[in-house]
Q: 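The structure that follows is given in the form of structure tokens.
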Amino acid sequence: MNDTIQDFAAKFGKTLLKYGPCPDCGGEMYYWKHQEKDGQKPTPTCPKCGYADLIQREQKKVAEKLETVNREQAIARMKQNSIISDSRAWSYLMDNYNVYDDETARAKHQASKWIAEIINGKNIHAILTGRPGVGKTHLGFAIAQSVLEKSNYKMNVAVVSYRELLEQLKFGLNDKEAYKVIQGSVINDLKKVGLVVIDDLGAELGRIEEPSKPTTYNLDTLTSLVEARLNKATIFTSNLNSDQIFNLYGERIYSRIINGASTKEGMHAFRFKTTEDKRKDPI
């Protein structure tokens with residue numbers, strides 16, 4: 001041990017131990033004794049060539065690769081959990097949501113508040129309503145992906161296009177037993193997810209000016225879904241207003257949708273009133 005290392009070790013109670021020859025320069029490497037007591041893997045240092053820097057850089061690379069793998073797995077799990085009709089919607093993020101007037105600014109601000117509440121562990125229900133094409137689906141997907149990111153990719157999230165869910169479940173309608181198994185499996189999976197965005201509720205009923213009456217199949221499926229999401233973070237988007245949701249789906253479903261949406265400050269709800277259809281005149 002050279003004089004510099006010896007003096008340094010003596011100053012700190014001789015806590016440096018020999019590790020072995022440096023694989024880079026052949027000099028003696030040392031490590032801190034307390035790493036053994038704390039159960040840490042020794043990180044040897046070569047005072048001659050600074051080999052520890054190489055180790056730390058390699059460890060950083062491994063940590064970054066692990067972080068990338070965890071992120072990719074979480075995103076893949078989100079997409080696997082989801083039931084959507086257009087995969088392009090995964091490009092809808094908070095960063096690319098267009099704010100061009102007071103209403104869209106307030107909508108984005110409200111969405112950000114909901115994201116923060118969910119990240120803080122609140123199992124809120126929130127509702128975005130308004131005419132088709134005003135950006136409800138964009139915000140729904142953006143909320144889901146932002147929650148996933150801000151949870152460090154630890155929270156399970158999913159987006160469910162309600163109309164697409166009905167279409168997929170129809171495959172089992174000819175066999176009642178098969179249908180029960182399929183519906184039960186899907187609903188049970190969605191019950192386990194930390195955040196679910198239920199998108200486009202009411203689109204299955206046709207034109208919002210004259211929506212058709214929901215079928216028994218529709219009502220049974222929606223009842224199972226909203227009951228599975230009781231006391232769990234859930235975002236709803238719909239072309240229908242609150243009165244239409246109540247009158248079309250009934251008090252039972254309506255009460256389960258707004259369960260968790262009421263706060264001391266009011267409702268976790270936002271309705272687009274003046275925003276025009278962005279699909280006709282994109283901003």
Q: Please answer: with hydrophobic residues joined when any side-chain heavy atoms are less than 4.5 Å apart, are Leu230 and Leu201 in the same cluster?
A: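 Each belongs to a different hydrophobic cluster.
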Q: Is it the case that Glu164 and Ser85 place a side-chain donor and acceptor less than 3.5 Å from each other?
A: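 Looking only at side-chain atoms, Ser85 and Glu164 do not form any donor-acceptor pair under 3.5 Å.
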Q: Is a side-chain N or O of Ser212 found less than 3.5 angstrom from the main chain of Leu205, in a donor-acceptor match?
A: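 Yes; judged by distance alone, with no hydrogens or angles, the pair exists.
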Q: What pair of heavy atoms forms the shortest contact from Glu103 to Thr274, and how long is it?
A: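 Closest heavy-atom pair between Glu103 and Thr274: OE1-N, 3.0 Å.
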Q: Hey, does the side chain of Asp200 reach the backbone of Ala203 with a donor-acceptor pair shorter than 3.5 angstrom?
A: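 No, because the side chain of Asp200 does not come within donor-acceptor range (under 3.5 Å) of the backbone of Ala203.
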Q: So, the side chain of His125 versus the backbone of Arg229: is there a donor-acceptor pair under 3.5 Å, distance only?
A: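 Checked: pair present.
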Q: Go through the structure and list residues passing salt bridge (charged side-chain N to carboxylate O under 4.0 Å, His left out) with Glu72, not counting sequence neighbours.
A: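 Partners of Glu72 under the salt bridge (charged side-chain N to carboxylate O under 4.0 Å, His left out) test: none.
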Q: Check this for me: Glu210, atom CD, are more than 12 non-hydrogen atoms of other residues, nucleotides or ligands nearer than 6.0 Å?
A: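 No.
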Q: Verify, without hydrogens or angle tests, whether Thr234 (side chain) and Lys232 (backbone) share a donor-acceptor contact under 3.5 angstrom.
A: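 Yes; judged by distance alone, with no hydrogens or angles, the pair exists.
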Q: Would you say Lys192 and Asn81 are linked by a side-chain donor-acceptor pair, where the criterion is simply a distance under 3.5 Å?
A: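 There is no such pair (donor and acceptor under 3.5 Å, judged by atom type) between the side chains of Asn81 and Lys192.
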Q: If the plane angle is over 60° it's perpendicular, under 30° parallel, otherwise tilted; pick one for His138 and Tyr92.
A: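 Geometry flag for Tyr92 against His138: parallel rings.
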Q: Consider only side-chain N and O atoms of His268 and Glu117, and report whether a donor and an acceptor are under 3.5 Å apart.
A: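 Per modelled atom types, His268 and Glu117 side chains form a pair under 3.5 Å.
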Q: Got a second to check how far Asn231's CG is from Ile124's CD1, nearest 0.5 Å?
A: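 These two atoms lie 13.0 Å from each other.
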Q: For the residue pair Leu93 and Ala142, what are the closest heavy atoms and their distance?
A: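 So the minimum-distance heavy-atom pair works out to C-CB, 3.5 Å.
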Q: For Tyr153, does the OH atom have more than 12 heavy-atom neighbours from other residues, nucleotides or ligands under 6.0 Å away?
A: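 Yes, OH of Tyr153 has more than 12 neighbouring heavy atoms, counting only those of other groups under 6.0 Å.
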Q: When you check the side-chain N and O atoms of Thr104 and Asp101, is any donor under 3.5 Å from an acceptor?
A: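 On atom types as modelled, these side chains qualify, holding a pair under 3.5 Å.
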Q: Does any part of the side chain of Asn156, heavy atoms only, come nearer than 4.5 Å to the side chain of Arg77, both counted from C-beta?
A: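 The answer is yes; the side chains approach within 4.5 Å.
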Q: Is there a donor-acceptor contact under 3.5 Å from the side chain of Glu28 to the main chain of Gly20?
A: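 Yes: the side chain of Glu28 pairs with the backbone of Gly20.
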Q: Quick one: does Glu204's side chain have a donor or acceptor within less than 3.5 Å of a partner on Tyr162's backbone?
A: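 Checking the backbone N and O of Tyr162 against the side chain of Glu204, no donor-acceptor pair under 3.5 Å is found.
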Q: Can you check whether Trp90's main-chain N or O pairs, donor with acceptor, with Lys79's side chain at less than 3.5 Å?
A: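 Checked: no pair found.
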Q: Does a sphere of radius 6.0 Å around CZ in Arg271 hold more than 12 heavy atoms from other residues, nucleotides or ligands, not counting ones at 6.0 Å or beyond?
A: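 Yes, CZ of Arg271 has more than 12 neighbouring heavy atoms, counting only those of other groups under 6.0 Å.
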Q: Classify the side-chain pair Asp199/Thr237 by whether it contains a donor and acceptor separated by less than 3.5 Å.
A: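 Per modelled atom types, Asp199 and Thr237 side chains form a pair under 3.5 Å.
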Q: Going by heavy atoms in the side chains, are Thr275 and Tyr100 under 4.5 Å from each other?
A: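 In contact.
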Q: Compare every heavy atom of Ser242 with every heavy atom of Tyr254, then report the nearest pair and how far apart it is.
A: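 Of all heavy-atom pairs spanning Tyr254 and Ser242, the closest is CE1-O, 3.6 Å.
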Q: Between Glu227 and Arg256, is there a salt bridge with N-O shorter than 4.0 Å?
A: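 Salt bridge flag = yes for Glu227 with Arg256.
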Q: Taking all non-hydrogen atoms of both residues, which atom of Leu195 and which atom of Ala144 are closest, and how far apart?
A: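 Between these two residues, the closest heavy atoms are CD2-CA, 3.9 Å.
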Q: To check you understand the geometry: which heavy-atom pair defines the closest contact between Leu248 and Pro214, and what is its length?
A: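 Distance-wise, the nearest heavy atoms are O-CG, 3.2 Å.
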Q: Identify the heavy atoms of Ser238 and Leu240 that sit nearest to each other, and give their distance.
A: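 Reported closest heavy-atom pair: OG-N, 3.0 Å.
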Q: Between Glu251 (side chain) and Phe246 (backbone), is there a donor-acceptor pair under 3.5 Å?
A: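 Checked: no pair found.
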Q: Do the side chain of Ser255 and the main chain of Arg252 share a donor and acceptor less than 3.5 angstrom apart?
A: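 Yes; at least one donor-acceptor contact below 3.5 Å.
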